[in-house]
Each structure stands twice: as C-alpha cells, then as structure tokens.
Number of protein chains: 2
Amino acid sequence: MLDPRRLLTFRAVVRAGSMTAAAADLGYTPSAVSQQVAALERETATPLLVRHARGVLPTEAGALLVEHADVVAGRLARAAEEVADLTALRTGRLRLASFASAGARLLPGAIGEFRRRHPAVRLSLELAEPDECPDRLRDGDLDLAITFGYVPGPAPDTDGLTATFLFDDAVNVALPAGHPALGDTLTAADELDVSTLRDAAWIRDAGSLCREQLVDMCASAGYTPNIAFDSDDFPMVSGLVESGVGVALVPDLAVHQMGRRVVLRRLRPRVVRRIEALTLPNPTPATAAMLDVLRSRRAA
Amino acid sequence: MLDPRRLLTFRAVVRAGSMTAAAADLGYTPSAVSQQVAALERETATPLLVRHARGVLPTEAGALLVEHADVVAGRLARAAEEVADLTALRTGRLRLASFASAGARLLPGAIGEFRRRHPAVRLSLELAEPDECPDRLRDGDLDLAITFGYVPGPAPDTDGLTATFLFDDAVNVALPAGHPALGDTLTAADELDVSTLRDAAWIRDAGSLCREQLVDMCASAGYTPNIAFDSDDFPMVSGLVESGVGVALVPDLAVHQMGRRVVLRRLRPRVVRRIEALTLPNPTPATAAMLDVLRSRRAA
DNA sequence: GTCGGGCTTAAGCTGTGCTTCATGCTCGAC
DNA sequence: GTCGAGCATGAAGCACAGCTTAAGCCCGAC
C-alpha cells in the first residue's frame, strides 16, 4: 500500500505543474517536495513524472496515481467535514430510550424543543425499562436513556455511566372512592399514611420496577402487602381500582391515565421516583444537546 | 483535512475491535496505537471510540470515519496494484508515431509481435513527420516515435531524448525507362552517380524531409537541382516518373509503392535514411518493451 | 556568453511517533 | 474476598522520517 502522505504531495505537484509551485502551495521547500516524489517513485519502482525545463508532467503511471489521489483527498476532506457537521449538530443521530410514562408525558415536549434547536439530527425513541438501559448504553445501542429509581430505595447500577437528575416524580396511592383507608380525609390534599393500607389488597404495575418497591415500602411500615393482581398497564390498573379490586401505586407521570373516579392521595412517608437521564461519560454532541434541553425544561 | 496515517490506524482499531489487537496486526505496540487514536480524537475534537472493558467500539463519528477510511485504504491498495500492473505490462498504453512508409512496412510486424508478447497493452499509432516528433515526445503526447534522418546530413534535434538506431534505409533514384542518365547501365545492380543527374528534372516528395536533403546532395555533386514538382504522395511520384516528368528519390521502404515501369538505381555516393526510434530517456515499461521488439526484429 | 527558473543532492537538524516501562482499570477465576 | 489476565493510557526516551539550508546542475531565454 502506498504512503498516503507522499501520494498527496505528488498530487499537489501534478496539479501545480511544478515541484516548486507545489512546494509553495504546501508551505514546503522545493527540496522537500522533490524528495517526497523521489520516495514515491522508489516505492512504486516507476517513473511518475517527466522532468521538463518549465516544470513536470505526469507519466501514465503518474496520471493514474493522481486519479486515485484525488479520491483519497476528497474522502479525507469529506470525512473531516462530516465529523464537523456531526459535532455542530448539522447532522447526526440520537437514539433515546425511555420508560412508558415518561415517553408519554415528559419526552414529547423535550423532543419538540430539541427538534426546534437542531432540526437536522435524526431522532429515535424506544420504550425500555430502566434495568436494561445501562447495558445497552454501554454497548453503544443507545445514546440517552430516561430511567428512574425509587427514593428511598437501592440506586440503580450506573457504573461507568453518567446520571443527570431531572426531577422527582411523586408517587400516589390510588383507591376507589369510599375505600376504608380514606377514613375521614375528605380533601385531595391530604396524605395517606402507608400503615393505614395494611389491610388493603394491592394491584401492582409490573412494568415499572415497582415490584420490590411496594414490598420495601410496606416492610418499612411493618407489614407485608397483599398483592392481588399484577398488571403492566396503567389504564387496566385504573379500571381494577375503580371496580374496587384493590389499591395501587401511581406516580404523578401516570396520573393522567387513571380514571376520574379513582381517588389519589400522596403517601406518608413520601415516596418518589427519581427520574434521571443516563448517558455515557463522554456524550456525543447530540446527546449533550439533549441533556441541555432536559435540564432547561427541568428549570422551567 | 485529516491525517491519513492516523485515519488508517483508527480503521485497523475498529476492525480489530481493540487497540491491542490492532497493534498486533500493524506490528506496533498498543501504546503507539492508543496515542494515534488520541491524536485523531484531538484532531477531530470528537470522541471516536467508547472504551470498553473488552476492547473498544466506534461512536457515531468513529463509524463515519471508518467508512471513509475504507474507501481511502481501498484506493491506496488499488493505486499500488494498478501501477504494478502497468509496470508488469498487464495493462497500459503505448502511443506510437511514425512516418508513412515505416508505418506501412516496418511497424505492422513489430506491432504484431508486441501484441503477442503483451496483449493487454492498448496501442495507438498515428502518422507524424520526424520534425514534429521530438516536441510531442517531450510534451508527453507520444511514447515512441519512428523517425529518420539522412546520412550524410544534419542530425535531427533529439536533445533530451534517446534515439535507438534501427536500420539504414537506402535511398534510390527512380527514373523512367530510357532516361538519358541511365546511359549504358543495363543491369539493375548498377549504381548511378549523382553527378549524372545534373540535368534531370526532379520530383520531390515533400512529406519525407527530403527537402534540404535533395538540395544538399546535389550541392555535394556541384550543382543545384531543377525541382519540377513537389508531391507528398509516393504513388503520385511514381506516376510522374513513369510519364517522364522527371526523376525522384525513393527510399527502399517506399519502393513497393512505385510502379513496375519505374527504373530504380542506388546512388553514388551512397545516401541512406537512418531509421531510429525516439523515446524519452526514462521510457515507460510499455515503451521499453516496444524498443525490445524493434531491436529484436532489427537483429532478425 | 550570462542569467534565471527549476530539479536534485548532500548534510544536518527537528519533531513526529515509536518503544519501553509503569499505572489503572475491569473482569473473571479461585 | 484476592489474585491475575487483558486492555487502555501515560511519561520518558530514543530513532528515524522528513524537513531545511546550501550548493550544483541542466536547460532555455536573453
């Protein structure tokens, strides 16, 4: 394989018509250019230039090399340009993942804002549960994942990743109207103590990592929950609650999926989902830009 | 523009999946490869690899660069290969020029032999007078020219070119039967002294640099020729001689174009055209091969 | 002839980029 | 848990590619 450096200076020589002119173009001395060309001719074991009094002309082999050199030079320039486009967000790709309720409530606005700022970046979004996101980020399958972890609760495994706090999503308990635990609390602002739900039947949303969370929460209050139903769909949870099957945990982000007749109460002690954006430590420009958008909307 | 060297080692890294493996492929140490990649990332101001525990994976920008690097590497390899083909005469081009009579008598055999030896080389042949060939060779318009110069006579201007002697083409004088200068010479083997043509009318072939030659020849014999006609076509010269318009100089190579009724005699003192092959001092492989063919046929 | 433009060569120096060595990290085995 | 293998990275040092300077040569112009 030919030395690309020499090939490119040879191209400059042929384009300039003389070694001296090429040297001026390249910022070298004529001697340097002459030596490069000589080295290339040694490398190919073929004369590439016919030396004239007024400059040089390529031989057939030389003309052949120049054609290839043109392609090489073009690719090198295009490569630099496209990478610059990528960092300037004039092009590129951003692969997002999010759990369902954030996908429905948080992301549409953020994505809209991102597209206004960087219309040329191609976006993709898929639903993915928080537990699978770290590995997929590390594998390069994803650029940014919206995940959550319960507070209090075990921190998710984000080794080698960067977690950006977005906001805390308060968790409510959803009850049918007239549920005994509601007692005399008549106003929606009232909180409900976890211990008052000791005898409740629980409907658990299986899709949102609430599994251990529900058990842990009740354990803190000194009992083991009676789990009557596992669902992975908030509308269904809503229907079950409305029909009096049981009570359920519903974070703020999912509240809009609950029916009107469901009663929602904050929990005491407070339970929240900590919503975070997970990225690689060296985010791509597009990823960093999306982090900016998410942070700015958190502030707003 | 990116440094092609670094780009190619980066390509090797991505293909190998790890810097260490790429280093082994390239014959470097892992450290060297790591530094090259770091330099490329500095150059592009963009992370190009995500570092894994078990190797590396390209980022979007990195994958983009690898695509371009593949093209670059391919072109470099193809360039080297095609130049090798050229020097091995598995491809290439040979642009020949020749004056008319050599084109008809000498070259067909040589070209046939050349094509047998190197069937892949594309040949072209055009008619060109000896005086225009040197410049066209120097300009790179031609690779090899068959030329001639009269002996005795001024050597053609071949500065900076290489002349390969092929053979001497003896010059005859063509006369109509019964021309007075024939006198009592009855056999074709007889020579005719130039001085005996003092009173002849001359038909001059304008195409073959005979212009000054005819005048010089006669001057050596002490007279100025009476030039009755200028032609650039041997058959026409033949017809003119046959009809008794005058006499003409006809080299051996053109004898076959003369009519049967023309009488031919060698000249005394002897006059020849020196047939030469003119090339650049550093001939291309195809040119050198054709010189070989021409020399071998001269020997035969 | 002299002059100037252009290519080449020799000699010498500089900087890129290599090696070696050491460190830190992750993962898997034990 | 500790250890070791494999990988990436950094500092230090060294070598060579490739640059510069300087001189020479060739050719064409004047």
Side-chain angles (χ1 to χ4, degrees), chain A residues 1-10 12-43 47-59 62 134-135 137-140 157-161 280-282, chain B residues 2-10 12-43 47-59 62 134-135 137-140 157-162 280-282:
Chain A
M1 193 145 74
L2 296 173
D3 179 356
R5 190 170 166 64
R6 292 170 181 165
L7 188 64
L8 291 178
T9 76
F10 176 72
V13 168
V14 173
R15 295 176 86 83
S18 86
M19 301 209 191
T20 304
D25 293 346
L26 299 170
Y28 294 151
T29 59
S31 175
V33 174
S34 171
Q35 290 176 54
Q36 292 256 6
V37 171
L40 190 63
E41 288 185 319
R42 212 178 317 121
E43 208 172 356
L48 301 174
L49 293 176
V50 289
R51 274 72 170 173
H52 256 238
R54 292 247 153 270
V56 296
L57 279 176
T59 63
D135 277 343
L137 279 163
R138 280 188 278 258
D139 287 348
D157 168 38
T158 58
D159 276 0
L161 299 176
L280 289 172
N282 274 356
Chain B
L2 296 174
D3 179 358
R5 190 171 167 66
R6 291 169 181 165
L7 188 64
L8 291 178
T9 75
F10 176 72
V13 168
V14 174
R15 296 176 85 82
S18 85
M19 300 209 192
T20 304
D25 292 346
L26 299 171
Y28 294 152
T29 60
S31 178
V33 174
S34 171
Q35 292 174 51
Q36 291 254 7
V37 171
L40 190 62
E41 288 184 318
R42 214 178 316 122
E43 208 172 358
L48 301 175
L49 294 176
V50 289
R51 273 72 170 175
H52 256 238
R54 292 249 154 268
V56 295
L57 278 176
T59 63
D135 277 342
L137 278 164
R138 279 187 279 257
D139 287 349
D157 169 37
T158 59
D159 276 0
L161 300 176
T162 301
L280 289 172
N282 275 356

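When reading the values below, keep in mind they use all heavy atoms of this one structure, side chains included, and skip hydrogens, waters and symmetry mates. Just so it is clear, the model here is predicted, and its values are computed rather than measured. Quick note on labels: first sequence line is chain A, next is B, and so on, each numbered from 1.
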With rounding to the nearest 0.5 Å, note down the distance linking CG in A:Leu49 to CG in A:Leu57.
8.5 Å

Every protein N/O lying under 3.5 Å from an N/O of nucleotides 27-29 of chain C:
none

How many Å lie between CG on A:Leu48 and P on C:dT8, as a whole number?
12 Å

B:Arg42 atom CZ is separated from C:dT16 atom P, nearest whole Å, by 10 Å

Looking only at heavy atoms, the pair that brings A:Leu40 and A:Leu7 closest together is CD2-CA, 4.2 Å

Residues 15-26 of chain A, side-chain donor-acceptor partners within the protein, below 3.5 Å, at least two apart:
residue	atom	partner	partner atom	Å
A:Arg15	NH1	A:Asp70	OD1	3.1
A:Ser18	OG	A:Thr20	N	3.4
A:Ser18	OG	A:Ala21	N	3.0

Please classify the nucleic acid contact of B:Gly27 as base, sugar-phosphate, or nothing, using heavy-atom distances under 4.0 Å.
sugar-phosphate

Are any protein N/O atoms closer than 3.5 Å to N/O atoms in nucleotides 10-17 of chain D? If there are, list each pair with its distance.
residue	atom	partner	partner atom	Å
D:dG10	O6	B:Ser31	OG	3.0

Interatomic distance, A:Arg51 CZ vs C:dT8 C1' [rounded to whole Å]
9 Å

Validation row: B:Val13, B:Val33 side chains within 4.5 angstrom (heavy atoms):
yes

What contact category does B:Val56 fall into here, base, sugar-phosphate, or nothing, at under 4.0 angstrom with non-hydrogen atoms?
sugar-phosphate

Provide, to the nearest angstrom, the distance between the CD atom belonging to B:Gln36 and the P atom belonging to D:dT9.
13 Å

Nucleotide D:dC26, atom C1' - distance to CE of A:Met19 in whole Å:
14 Å

Describe the nucleic acid contact of A:Thr20 in one word from base, sugar-phosphate, nothing, applying a heavy-atom distance below 4.0 Å.
sugar-phosphate

Can you check whether A:Thr29 has a side-chain N or O nearer than 4.0 Å to OP1 or OP2 of D:dC19?
no

I need the B:Arg6 CZ to B:Leu48 CG distance, nearest 0.5 Å.
12.0 Å

If you compare all heavy atoms of B:Asp3 against all heavy atoms of B:Glu43, which two are closest, and at what distance to 0.1 Å?
N-OE2, 3.1 Å

Given atom CD of B:Glu43 and atom C1' of C:dT16, what is their separation to the nearest angstrom?
13 Å

Taking atom OG1 of B:Thr29 and atom CD of B:Gln35, what is their separation to the nearest 0.5 Å?
7.5 Å

For B:Pro58 against B:Val14, the heavy-atom pair lying closest together
CG-CG1, 3.8 Å

B:Glu41 atom CD is separated from D:dA8 atom C1', nearest whole Å, by 12 Å

To the nearest Å, give me how far apart CZ (A:Arg5) and C1' (C:dG15) are.
11 Å

